Amino acid sequence: MYLLIPAAGVGKRMGSDRNKLLLKVRSQTILAWTLLSAQAADEITWIGIISQPIDWPDFKSILANLRLTKPVELIIGGSTRQESVYNGLQALPATAEQVLIHDGARCLVTPNLLNSCAQAIRQCSGLIAAVPVKDTIKVVEESGIIQSTPDRRNLWAAQTPQGFNVELLKQCHAEGVRQSWEVTDDAALFEKCGIEVRIVEGEETNLKITTPQDLAIAEFILSSRK
């Protein structure tokens, strides 16, 4: 299975002006932990890291230290996540029929979840890892007034990996460019094109590292796995 890792984010909410995937959690960078999970996932056979060339010297150093046995390619990212994934799709080997896309900042993903998504995408056109929402959610107007309270039983918090049929995802991205759609994940492109996306249950610990508090939580989770 082919894996694309969008890895172009700057850690503004971290209070950092560098790529947040270069920040360390315990003994490794955020990116390294993500790559180690991909290395340990038997289903993953090829890895593409989508990023800006300014980060490539650091990324190459990480890769040299990890000594992964799977092929890894560095792919030039775009100005948005959507553009970056589009570039990643063009860089996939011609043999790629399905692809997983996993945010580099979700460094706590387990090999089991990567394997489950890789197996499931062979049976459908699109999927996302997600977990049921625990909190009551409120839809709020700009004025701060609550509009509605959706039924929590129908709400899931989206994660990655997200998996797709490569040809369909390329078509959806092309349609997104044509219609100037701006989306925050690839599943939304499928939804806009009327293509079904199924849920694979994710992991509560599969959080996205965004704030310094997330770094502390990640430290705790990783230490508990040893």
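What you are looking at is a predicted structure, and each value in this text was computed from that prediction instead of being measured.
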Flag, side chain of K70 to backbone of I44, donor-acceptor distance under 3.5 Å: yes

Quiz question: by atom type and distance under 3.5 Å, do the side chains of K138 and T149 form a donor-acceptor pair? yes

Check whether the side chains of T205 and R225 place a donor and an acceptor atom closer than 3.5 Å, and report yes or no. yes

Check this for me, if you would: do E219 and K24 make a salt bridge, where the nitrogen-to-carboxylate-oxygen distance has to be below 4.0 angstrom? no

Same cluster (ILVMFWY, side-chain, under 4.5 Å), M1 and L68: yes

Which atom names give the shortest non-hydrogen contact between A38 and L3, and what distance separates them? CB-CD2, 3.6 Å

Would the distance check show the side chain of D103 and the main-chain N or O of R106 forming a donor-acceptor pair, the cut-off being under 3.5 Å? no

Q159 side chain to E203 main-chain N or O, any donor-acceptor pair under 3.5 Å? yes

Whether the Q162 and D186 side chains hold a donor-acceptor pair (N or O, under 3.5 Å, no angle test) is what I'd like checked. no

Who clusters with V139? Use side-chain heavy atoms, under 4.5 angstrom, across I, L, V, M, F, W and Y, and order the result by chain and number. none

Side-chain donor/acceptor of D42 to backbone N/O of N115, under 3.5 Å: no

Is any side-chain N of the basic residue among R81 and D185 closer than 4.0 Å to the acidic one's carboxylate O? no

Indicate whether any N or O donor in one side chain lies under 3.5 Å from an N or O acceptor in the other, for Q82 and T80. no

Answer with yes or no whether the side chains of N87 and S84 bring together a donor and an acceptor at under 3.5 Å. no

Check the hydrophobic clustering (I, L, V, M, F, W, Y; side-chain heavy atoms under 4.5 Å; chains of links allowed) and say if L89 and V72 are grouped together. no

Polar side chain donor-acceptor pair, E175 to Q171, under 3.5 angstrom: no

Taking 4.0 angstrom as the limit, do D214 and K208 come out as a salt bridge? no

Strictly by modelled atom types, are S125 and E196 linked by a side-chain donor-acceptor pair under 3.5 Å? no

